[in-house]
Number of protein chains: 2
Amino acid sequence: MRELTRAEEQVMQVLWKIKKGFVKEILEHFDEPKPAYNTVSTIVRILQDKGFVTHKAYGRTHEYYPVVSKNEYSKTHLSTFVNDYFSNSFEKMVSFFAKEKSISVKEMEEIMKIMESEVKKQKMKR
Amino acid sequence: MRELTRAEEQVMQVLWKIKKGFVKEILEHFDEPKPAYNTVSTIVRILQDKGFVTHKAYGRTHEYYPVVSKNEYSKTHLSTFVNDYFSNSFEKMVSFFAKEKSISVKEMEEIMKIMESEVKKQKMKR
DNA sequence: AATATACAACGAATAAATTAGTTATGCAAC
DNA sequence: GTTGCATAACTAATTTATTCGTTGTATATT
């Protein structure tokens with residue numbers, strides 16, 4: 001999967017949020033100072049070329065949709081990160097943040113709960 | 001903390017790996033096709049301006065050191081990511097990957113172990 | 001039908017990042 | 001001291017990304 005540039009990512013974030021939208025609508029979700037209409041229009045067309053977005057035409061106007069979901073993108077994005085910074089070990093990454101106390105006890109307990117049920121689920125399968 | 005561009009990040013990865021080095025040494029750690037000496041030299045000086053690197057001068061040659069550690073940088077980097085893609089919830093992020101089965105049972109068990117001991121440690125403090 | 005409006009498409013202008021050539025300086029070898 | 005080499009500093013060239021004005025066309029409005 002190709003990477004998103006900063007400007008492209010901003011547009012994708014809006015599209016992921018609103019699910020679908022015309023350029024005008026995407027623009028509305030930008031904070032001030034909003035970019036020009038044409039700026040967003042260009043970026044959205046680049047995103048289409050890159051395969052992140054598609055559109056449905058209503059006459060002459062286009063309604064844009066994400067093709068790559070936020071989950072899909074975040075998956076590859078984080079994989080790269082874990083690979084580059086934690087020699088591809090998710091465990092190392094989580095441990096690091098657990099030890100760094102960037103995770104609260106409450107969060108850790110939640111995570112453990114979910115993992116327990118996942119582990120159970122996995123083991124059931126055998 | 002400023003962000004690293006792709007080229008800058010590559011140089012930092014080398015510096016983090018080798019701890020310190022002259023431009024020549026950094027260059028050696030690049031895969032083929034290696035960039036030109038001057039390219040690395042320029043990037044390292046940009047990194048210095050940005051505050052990621054410092055140097056010790058031996059006469060006319062400079063030995064460069066990371067000032068920002070890989071851990072520090074990965075911390076802010078991941079925070080941004082978790083913020084943008086998981087509405088700032090580390091838990092949501094980890095759960096997502098646990099459910100997506102990108103984490104093996106063994107890894108999950110390891111993570112749980114570490115979290116348990118961290119939770120214990122935290123609770124002791126009160 | 002003429003005019004106004006809205007929009008996509010195009011492309012030009014600018015900015016940022018990357019790459020590497022050129023230059024100047026110090027040091028070593030002779 | 002002169003020559004050659006290594007290196008930092010500077011700068012130019014190139015590439016990539018960003019921004020937005022301009023244009024043309026379709027549709028709506030009168």
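Only heavy atoms go into these numbers, but all of them, side chains included; no hydrogens, no water, no symmetry mates. The shown structure was predicted, so the numbers you read here are calculated from the model rather than taken from an experiment. By convention in this document, chain letters (A, B, ...) are assigned in the order of the sequence lines, proteins followed by strands, and residues within each chain are numbered from 1.
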Atom pair distance, as rounded to whole Å: [atom1] in [X] and [atom2] in [N]:
| X | N | atom1 | atom2 | result |
| --- | --- | --- | --- | --- |
| Arg45(A) | dG11(C) | CZ | C1' | 11 Å |
| Gln10(A) | dT19(D) | CD | P | 8 Å |
| Glu63(A) | dC7(C) | CD | P | 13 Å |
| Asp49(B) | dA9(D) | CG | P | 10 Å |
| Arg2(A) | dT16(D) | CZ | C1' | 11 Å |
| His62(A) | dA26(D) | NE2 | P | 12 Å |

Ion pair present between [X] and [Y], side-chain N to carboxylate O less than 4.0 angstrom?
| X | Y | result |
| --- | --- | --- |
| Glu109(A) | Lys123(B) | yes |
| Glu3(B) | Arg6(A) | yes |
| Lys113(B) | Glu110(B) | yes |
| Lys99(B) | Glu118(A) | no |

Item to check | Between His55(A) and Gln48(A), a side-chain donor and acceptor under 3.5 Å | outcome: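 Yes, because at least one side-chain N or O of His55(A) sits under 3.5 Å from a partner of the opposite role on Gln48(A).
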Item to check | Lys75(B) versus Ser102(A), side-chain donor and acceptor atoms under 3.5 Å | outcome: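 Lys75(B) and Ser102(A) do not have a side-chain donor-acceptor pair below 3.5 Å.
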Checklist entry - Is there a donor N/O on one and an acceptor N/O on the other, under 3.5 Å, for the side chain of Arg60(A) and the base of dT27(D)? => result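 When only heavy-atom distances are counted, Arg60(A) does not reach the base of dT27(D) through any donor-acceptor pair under 3.5 Å.
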Checklist entry - Taking DNA chain C as the partner, which of residues 19-29 of chain A come within under 4.0 angstrom of it by heavy atom? => result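 Contacts with DNA chain C under 4.0 Å: Val23(A), Lys24(A).
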Checklist outcome for this item: Per-nt protein contacts along nucleotides 16-23 of chain C (heavy atom under 4.0 Å; B base, S backbone sugar-phosphate only, - none) come out as -SSBBBB-
Next on the checklist: What's the separation between atom CE in Met108(A) and atom CD1 in Ile114(B), rounded to the nearest 0.5 Å?
Outcome noted: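 CD1 of Ile114(B) is found 11.0 Å from CE of Met108(A).
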Checklist entry - Which word best sums up how the rings of Tyr73(B) and Phe52(B) line up, parallel for under 30°, tilted for 30 to 60°, or perpendicular for over 60°? => result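 Rings of Tyr73(B) and Phe52(B): perpendicular, as their planes differ by over 60°.
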